[in-house]
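A short worksheet on the structure shown next.
Because the structure is a prediction, the values reported are computed rather than measured. Numbers for residues simply follow the sequence, beginning at 1.
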Amino acid sequence: MKIGPHTLANRLFVAPMAGVTDRPFRQLCKKLGAGYAVSEMIASNALLWKSEKTQRRANHVGEFKPIAVQIAGADPVMMAAAAKLNVEHGAQIIDINMGCPAKKVCNVAAGSALLRDEPLVKQILEAVVKAVGTGPDAVPVTLKIRTGWDRDHKNAIEIARLAEQSGISMLTVHGRTRADLYHGEAEYETIAAVKSSVQIPVVANGDIHSPEKAAFVLKATGADAIMIGRAAQGRPWIFREIHHYLETGKKLPTPQVNEIQEIMNEHLLDHYAFYGEHIGLRTARKHIGWYCKGLRDSHAFRQRMNTADDCKTQLQMVNDYFDEMKSHSDRLLFLEAA
C-alpha cells in the first residue's frame, strides 16, 4: 500500500491517540509489526507551537519513516500554516483530525465538531492541500473522520467525496459518530459505504482487537487498511499477531513472560529518556497499567507502583512484579481489549 510516494510495510496502522502515541510508542509498534503510525494531535494554534508539549509531540528524531503528523484546528489559514511548519520540521505526511470526540477539542469547533460544517471542511482540506500537497515537492495530506456528529446526522459519505475532490490522499473512518464516543458497536457498514463511494484508499478504524476481528473488518468493509488504537495499549505485539494471521491464517502463540518483560523494559527506558525523570515517571504509569491489565494482583501492584518517586524505583518495581508472575506461570494471559 502507498500514501503518495511512500510505500508502507503493510496495511496495519497505529491510531493517533493523545497522550499515548508518542515517539517511543510509535517506534515500538513499528518494530512489532505496524506498517504505519500517526503522531499525537498537534494544535494549529501558532501560540502553542513553542510549548514544551507541542515541541515534544513534534519530535521525530530517529523515527522510522514515513513520518506522519496529525494537525487539528478549525481555521483554514492556521491549519495551512501548521501543515507547512510541520513539513519544515520533517513531516512527510500531514493528517487532518476531524475525528476526535473530546469536549475540549469539539468545544473550539475542531475535531469531529467540524463534521457539522461541510463548507468549512472543504475550505480546510483545500487550504492544507494547497499549502503542502501540490507541486513537485507535494506532501500527501490524509484525513481522519467519524461517521457523523450523531446517529441522526451521518455524513461520512459526503465528507469522503469532499475529501477526494479536495486532493486528500487517504481517508480513515472511525466507525462511530461523535455522540457515540467509544460506546456501542462500530459501524462497519458505513465504512463499507464510504469505501464504495470514493477511489482514494480508505482505512477502517474501531473495535479491532484481535487477528480474527481484523480479518473480518477488512472483508466486511473492503477497506485498504485497518487502524488500531486502544487494543494496542499494553499490547503492542498485536500488530505482528494480526500480520501473521492475515498472511498465514494461523494464530501466533501468546507471548511468553520473558519476551513481554523485555518489550516493556525497552518501552519504559525509551519513555524515560524521551520525557525525562519528572514527566517520564508519571506518564509511564498508564502504560504500566495497560501491560499489567488482567494479571494476578495487578490492581494492588499499580497502587504500590504509583508511590515510586523516581524512574529507577518504578522500573525495579515493575520488574519485581513480572518476576513474581513468572513464578506462577510460564505465560501471561491478557484480557482482550475492550
Side-chain angles (χ1 to χ4, degrees), residues 3-4 15-16 18 38-39 41-46 68-87 91 93-134 138-181 187 190-206 223 227:
I3 303 177
V38 183
S39 77
M41 180 175 62
I42 295 177
S44 61
N45 187 342
V69 174
Q70 186 179 79
I71 60 174
D75 181 272
V77 175
M78 292 174 66
M79 288 287 280
K84 291 178 70 173
L85 181 75
N86 279 284
V87 168
I93 297 170
I94 294 293
D95 184 62
I96 299 174
N97 182 316
M98 293 189 185
C100 180
K103 284 185 179 180
K104 67 179 181 180
V105 175
C106 290
N107 284 346
V108 293
S112 53
L114 288 165
L115 300 177
R116 295 181 294 182
D117 191 340
E118 292 180 17
L120 180 56
V121 167
K122 185 173 186 290
Q123 291 175 35
I124 290 172
L125 299 182
E126 290 180 348
V128 174
V129 170
K130 183 179 179 181
V132 301
T134 59
V139 170
V141 180
T142 63
L143 173 66
K144 189 169 192 281
I145 65 170
R146 286 189 167 229
T147 57
W149 178 253
D150 57 33
R151 294 296 177 102
D152 296 322
H153 301 89
K154 293 185 188 178
N155 59 343
I157 291 176
E158 289 78 8
I159 297 293
R161 288 173 175 160
L162 277 178
E164 185 172 44
Q165 293 164 9
S166 301
I168 294 299
S169 295
M170 184 180 76
L171 176 69
T172 299
V173 184
H174 183 122
R176 289 183 172 87
T177 67
R178 188 273 167 183
D180 291 330
L181 298 177
E187 308 166 38
T190 304
I191 300 176
V194 169
K195 171 60 184 173
S196 65
S197 70
V198 294
Q199 298 300 311
I200 58 175
V202 172
V203 183
N205 177 221
M227 181 172 277

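- Atom CD1 in Ile159 sits 11.0 Å away from atom CD1 in Ile168 (nearest 0.5 Å).
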Does the side-chain contact (heavy atoms from CB on, under 4.5 Å) test come out yes or no for Leu143 and Met98, once each step is laid out? CA-CA 7 Å; Leu143 173 66; Met98 293 189 185; 3.7 Å; yes
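- With no hydrogens or angles considered, no side-chain donor-acceptor pair links Ser39 and Gln70 at under 3.5 Å.
- Note that the CD1 atom of Ile93 and the CG atom of Asn86 stand 13.0 Å from one another [nearest 0.5 Å].
- Using a distance-only test at 3.5 Å, with no hydrogens or angles considered, no donor-acceptor pair links the side chain of Arg178 to the main chain of Trp149.
- Put simply, the side chain of Ile94 does not reach to within 4.5 Å of the side chain of Thr142, judged on heavy atoms.
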Residues Lys144, Ile96; criterion side-chain contact (heavy atoms from CB on, under 4.5 Å); working and verdict: CA-CA 6 Å; Lys144 189 169 192 281; Ile96 299 174; over 6 Å; no
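- Closest heavy-atom contact between Asn97 and Ala72: CB-CB, 4.1 Å.
- Across all their heavy atoms, Leu115 and Asn155 have their closest contact at O-ND2, 2.8 Å.
- Asp150 is linked by a side chain to side chain donor-acceptor pair (under 3.5 Å) to His153, counting only residues two or more places apart in sequence or in another chain.
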Going through the checks in order, is the salt bridge (charged side-chain N to carboxylate O under 4.0 Å, His left out) test met by Arg146 and Asp180? CA-CA 10 Å; Arg146 286 189 167 229; Asp180 291 330; over 6 Å; no
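- Rounding to the nearest 0.5 angstrom, the gap separating the CE atom in Met79 from the CD atom in Gln123 is 12.5 Å.
- Between Val198 and Val202, the closest heavy-atom pair is CG2-CG2, 3.8 Å.
- Going from atom OG of Ser166 over to atom CZ of Arg161 covers 14.0 Å, rounded to the nearest 0.5 Å.
- The two residues Ala74 and Pro76 make their nearest non-hydrogen contact at O-CD, 3.7 Å.
- Annotation: side chain of Glu187 is in contact with side chain of Thr177 (closest heavy-atom distance under 4.5 Å).
- Judged by distance alone, the side chain of Thr147 and the main-chain N or O of Arg176 form a donor-acceptor pair under 3.5 Å.
- Expressed to the nearest 0.5 Å, how far CD1 of Ile3 lies from CD1 of Ile200 amounts to 11.0 Å.
- Residues Ala163 and Leu125 come closest through the heavy atom pair CA-CD1, 3.7 Å.
- Here the OG atom belonging to Ser197 is positioned 8.5 Å from the CG atom belonging to Leu171, to the nearest 0.5 angstrom.
- The side chain to side chain contact (heavy atoms under 4.5 Å, CB included) test applied to Lys130 returns no partner, not counting sequence neighbours.
- A salt bridge links Lys122 with Glu126: at least one charged nitrogen is closer than 4.0 Å to a carboxylate oxygen.
- Between the side chains of Thr172 and Asn205, no donor-acceptor pair of N or O atoms lies under 3.5 Å.
- With Glu164 contributing its side chain and Gln199 its backbone, the two residues share a donor-acceptor pair below 3.5 Å.
- Under the side chain to side chain contact (heavy atoms under 4.5 Å, CB included) criterion, Ala131 pairs with Ala80, Lys84, sequence neighbours left out.
- Taking the side chain as every heavy atom from C-beta outward, Val173 and Val203 never approach each other to under 4.5 Å.
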